[in-house]
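Contents: one structure, followed by commentary.
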Amino acid sequence: MRQRLVVIGNGMAGARTVEEILARGGGEKFSITMFGDEPYGNYNRIMLSNVLAGTDDEAEIFLNGLSWYTANGITLHAGTRVRRIDRFARKVYADDGTTTSYDRLIIATGSRPFVPDIPGVRDAKRGFHQGVFTFRTIDDTRNMLRYARGHHSAVVIGGGLLGLEAARGLQSHGLDATVVHAGGHLMNQQLDPQAGAVLKRSVERLGITVELNARTTEIRGTEKVTGIALSDGRVIGCDMVVIAAGIRPNTEVAQAGGLVVERGVVVDDQMRAVGEPGIYAVGECAQHRGQVYGVVAPLWEQAKVLADHITGADPTAAYHGSRIATKLKVAGVNVASMGLKGPEREDDEFVVVAEPSRGMYRCVVVRDGRLVGATLVDDLSKVAFLMQAFDRGLPLPEERVRLLFDLGAPSAETSAAELSDDAQVCNCNGVSKADLVAAVKDGTRSVTGVMDTTRAGKGCGSCRSLVAQIVEWAAGGETEEDPSAGWYVPGIPLGKPELMAEIRARGLKSVSAVFAELAPEGREDAKSKMGLASLLRMMWAGEYVDERDARFINDRVHANIQKDGTFSVVPQMKGGCTTPDQLRRIADVADKYQVPLVKVTGGQRIDLLGIRKEDLPAVWADLGMPSGHAYGKSFRTVKTCVGLDFCRYGLGDSTALGIALETRFQGLESPAKMKLAVTGCPRNCAEAYVKDLGVVAVEGGRWEIYVGGAAGAHIRKGDLLATVGTAEEVITLTGRFLQYYRENANWLERTYAFVPRVGIERIREIVVDDADGIAARLDEAVQASVDAYRDPWQEGREPVTPGQFRPALPLLVVPKP
Amino acid sequence: MTAEPHLLGRLDEIPVGEGRAYTVGGEQIAVFRLRDGNARAVSALCTHAGGPLADGQIDGDIVICPLHQHMFELATGCSTTGRPPLRTYALHIDPDGHLFVHL
Ligand SMILES: Cc1cc2nc3c(=O)[nH]c(=O)nc-3n(C[C@H](O)[C@H](O)[C@H](O)COP(=O)(O)OP(=O)(O)OC[C@H]3O[C@@H](n4cnc5c(N)ncnc54)[C@H](O)[C@@H]3O)c2cc1C
């Protein structure tokens with residue numbers, strides 16, 4: 001019979017230990033039950049910094065989704081806290097009222113934020129005062145993100161790693177961020193004062209204010225946070241406060257269960273709780289040889305030892321403690337530190353190079369010919385060797401400064417070769433050089449492929465270049481580009497040109513036909529449908545065989561889905577020009593359908609938000625206006641200024657040209673949306689410099705055409721494509737450029753990425769100078785698409801599929817039988 | 001099957017490759033008609049932010065929520081993007097093309 005293994009805590013250490021146990025055949029030996037206080041599968045806590053900064057999506061940080069637990073026969077109680085351990089009866093009692101018996105128990109409860117007792121932190125009713133946050137879990141991160149919206153300034157209490165990350169993350173959402181740190185320099189756990197000062201300069205350069213030697217004495221505000229007070233009497237106003245003042249191990253349950261607890265649960269070299277043959281602790285809640293760790297690298301080692309021991313895979317396995325070497329990206333600045341921060345004995349050698357103005361600091365501490373400490377701020381190119389030398393006491397170069405700089409010597413390849421096999425490369429996920437080499441030997445020859453199988457580089461990302469070097473070295477220079485990186489869509493293993501060639505050669509006119517002929521085993525792929533539908537419509541225009549399931553919901557019902565499942569309706573207003581009659585009809589529709597929000601858009605139109613799906617056809621009929629295409633990956637709008645007729649400065653009839661462009665290219669499908677503008681003079685009221693294509697009237701009756709501009713999440717001034725003499729030429733070049741973009745851009749690649757990728761000179765050669773002799777073909781192709789255009793709102797009269805406009809929520813009630 | 005069958009309608013009322021939503025016995029269910037002729041039923045609300053899954057795109061295995069692109073296996077309800085699972089429901093299509101769900 002299998003033994004019952006219960007794990008309390010489904011965080012990084014708990015889940016990793018179970019993975020290691022499964023990897024050693026533990027699935028046959030144990031029936032595994034896991035309890036996790038957080039209501040999710042297992043995620044990479046380190047990456048919360050990126051989620052807060054908006055550079056990673058929540059969905060990307062999950063290590064094991066719920067299906068992993070099912071697939072491995074693990075019973076997961078997610079969102080369930082273990083309340084009590086009875087070590088005599090060998091049972092754990094959980095908050096949901098269940099009792100679970102165990103033969104072996106692993107405690108992996110991690111830590112929680114330490115919240116100092118500052119007056120005003122708490123609120124009797126809601127726990128924390130409104131606007132006060134900690135930073136440990138996904139929920140914490142979500143709460144901060146939600147509150148950051150609509151607020152302007154944040155104070156972060158604590159100038160360690162977490163505090164700096166919180167400040168940087170909130171700043172990227174537009175908040176003014178101030179770090180208030182009680183210590184005399186930032187990251188004082190890892191850095192000496194000089195390195196801390198260099199880091200401070202770099203952080204301040206990012207626009208974050210840093211207050212040192214600043215003790216917070218009060219959180220102010222009655223209803224919600226309005227500021228903090230410092231011990232020197234100063235008050236800093238703010239809308240939110242993040243407390244990042246350290247962590248405390250979660251040991252209450254272990255302690256109440258009678259285990260030996262000091263700072264953490266005290267364990268021996270097999271991670272066994274002292275005096276308890278069947279109970280173990282791993283991760284931040286464990287205390288081994290007096291040490292409690294607060295970073296992930298040690299817990300990977302602990303997890304391996306525990307798995308070796310508990311499965312019997314290696315009965316001699318023992319954990320001897322970790323020498324902590326951290327390599328982090330803090331608020332965008334690279335920081336590595338290990339061992340001593342500076343010399344401690346008289347004959348310690350100390351080499352330090354600091355260039356504060358460049359944000360660079362490097363030092364090493366050498367004792368008896370061995371590396372006993374090193375700090376690097378900004379440039380981590382030497383970190384791999386330093387960590388290894390530190391870990392293992394390797395012999396050091398005579399000229400110590402060579403530890404910090406390549407003085408014309410070893411290149412990257414030799415350093416990848418020199419690294420010993422068990423050198424840890426990715427500290428976030430505990431991946432060694434040997435693991436990477438093994439993945440390459442097993443046939444994975446692309447850097448991204450190796451990163452996927454080993455998870456190296458999937459934490460903070462600071463090791464990615466080293467991972468790439470090792471993979472290249474291991475593959476003998478024969479690395480492959482990640483194949484799927486070049487595919488147009490994930491489900492078809494072809495780049496865009498090859499895919500288009502196959503589609504044309506085989507005459508594939510529908511998405512299902514493409515899957516049947518070109519996908520591995522003919523398997524359809526939901527993630528690929530939208531991109532294929534767009535491509536096929538572009539290629540075949542009127543001959544395209546439209547399968548409605550290939551469309552995203554917006555394109556099925558010609559409106560933009562909103563968070564509550566309702567839709568937004570934007571009628572066409574070419575060039576942003578409207579009439580009293582149109583406005584009257586819009587007003588009537590807004591009244592009749594009780595439209596919750598009527599909003600003027602940035603594209604110079606009127607948006608009716610909160611329309612129910614079932615009302616769409618009637619709304620369109622009552623409006624009697626064509627679709628404005630404010631929902632698809634397609635030609636959106638042409639923004640214009642008032643132009644010649646009214647403006648004192650107008651040089652060209654921008655309004656008429658804008659309307660002509662929109663009339664011609666309305667609704668044109670493309671790899672990503674296309675927003676245009678025409679402006680009547682270089683004062684540029686219509687913001688034409690920052691559009692996918694922008695046209696500017698200049699003196700002498702001429703027009704400048706800019707392409708590849710953007711002013712959304714990404715900001716870029718467009719590149720000048722051509723200056724032409726007539727509106728007709730503008731229309732021709734616009735069509736030709738858009739068609740070239742449609743044919744050559746990757747799926748979802750906006751022009752701001754496409755234009756610099758191809759290069760404006762090359763685009764000009766093709767589109768303006770016709771160097772490739774394809775201009776006539778491009779003109780013809782775009783004309784075919786223009787001819788195939790039909791106002792999609794006409795579908796309101798006669799739905800194309802049964803239930804096209806049937807609500808997906810709230811729902812039809814099926815009568816009881 | 002002990003569960004009680006409820007008639008939802010005809011399978012061909014759902015376009016191929018699309019989904020439609022139904023309420024049965026107080027439960028909201030999204031039913032999808034796969035391209036291979038089968039059908040699958042899962043709870044209608046995305047476990048992330050309540051998105052309307054019947055409006056999502058599918059293939060033979062998964063549905064993608066239209067709001068934030070979370071993905072769920074149609075057969076098991078399990079999320080492949082780390083969300084809590086959906087409920088799944090057994091379906092049955094009679095020879096005349098009528099579609100029944102078992103609750
Ligand atoms: C924003 C952020 C950034 C970080 N960046 C880095 C970095 O760059 N590098 C680095 O090395 N480290 C970093 N860390 C630290 C790292 O995340 C931790 O060291 C690691 O998560 C510890 O793993 P653990 O399993 O011990 O604890 P956790 O991951 O916290 O897991 C413990 C789990 O147990 C659960 N639990 C607790 N009590 C109970 C109970 N009674 N019943 C059931 N479940 C319970 C908790 O809810 C939690 O889910 C960072 C941490 C944060 C918060």
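Proteins come first, then strands; the chains are lettered A, B, ... in the order of their sequence lines, and each starts at number 1.
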Decide whether [X] and [Y] meet the rule of one side-chain donor and one side-chain acceptor closer than 3.5 Å.
{"X": "Tyr43(A)", "Y": "Arg45(A)", "result": "yes"}
{"X": "Asn64(A)", "Y": "Glu19(A)", "result": "yes"}
{"X": "Asn560(A)", "Y": "Asn554(A)", "result": "yes"}

Heavy-atom pair count under 4.5 Å with chain A, highest-scoring of [options]:
{"options": "Arg33(B), Glu73(B), Arg35(B)", "answer": "Arg35(B)"}
{"options": "Gly60(B), Gly9(B), Gly51(B), Pro15(B)", "answer": "Pro15(B)"}
{"options": "Gln69(B), Met71(B), His68(B)", "answer": "Met71(B)"}
{"options": "Pro85(B), Ala54(B), Gly26(B), Pro66(B)", "answer": "Pro66(B)"}

### Task
Indicate yes or no for a side-chain donor-acceptor contact from Asp56(A) to the backbone of Ile61(A) under 3.5 Å, with no hydrogens or angles considered.
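Checked: no pair found.
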### Task
Verify, without hydrogens or angle tests, whether Arg40(B) (side chain) and Tyr89(B) (backbone) share a donor-acceptor contact under 3.5 angstrom.
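Such a contact is absent between Arg40(B) side chain and Tyr89(B) backbone.
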For [X], is it the side chain, the backbone, both or neither that has a heavy atom under 4.5 Å from a heavy atom of chain B?
{"X": "Thr70(A)", "result": "side chain"}
{"X": "Ser512(A)", "result": "side chain"}
{"X": "Lys527(A)", "result": "both"}
{"X": "Glu60(A)", "result": "neither"}
{"X": "Ala550(A)", "result": "backbone"}
{"X": "Arg551(A)", "result": "backbone"}

### Heavy-atom pair of closest approach, residues Asp95(A) and Thr80(A)
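Scanning both residues, the minimum pair turns out to be N-CG2, 4.3 Å.
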### Query
Closest heavy-atom contact between Ala41(B) and Val31(B)?
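Minimum heavy-atom separation between Ala41(B) and Val31(B): CB-CG2, 4.2 Å.
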### Task
Let me know if Asp61(B) has heavy atoms under 4.5 Å from chain A in its side chain, its backbone, both or neither.
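Contact with chain A involves the side chain of Asp61(B) alone.
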### Task
Against chain A, label Ser79(B) side chain, backbone, both or neither, depending on which of its atoms sit under 4.5 Å from a heavy atom there.
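The answer is the backbone of Ser79(B).
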### Heavy-atom pair count under 4.5 Å with chain B, highest-scoring of Val557(A), Asn42(A), Ile561(A), Asp57(A)
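Option with the greatest count: Ile561(A).
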### Task
Would you mind telling me which of Arg806(A), Arg556(A), Lys613(A) makes a salt bridge (charged side-chain N to carboxylate O under 4.0 Å, His left out) with Asp55(B)?
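Going through the options one by one, the only one that passes is Lys613(A).
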### Task
Using the side chain to side chain donor-acceptor pair (under 3.5 Å) rule, take Thr801(A) and Gln804(A) through it: C-alpha gap first, then chi angles, then the decisive distance, then the call.
CA-CA 5 Å; Thr801(A) 58; Gln804(A) 183 181 2; 4.7 Å; no
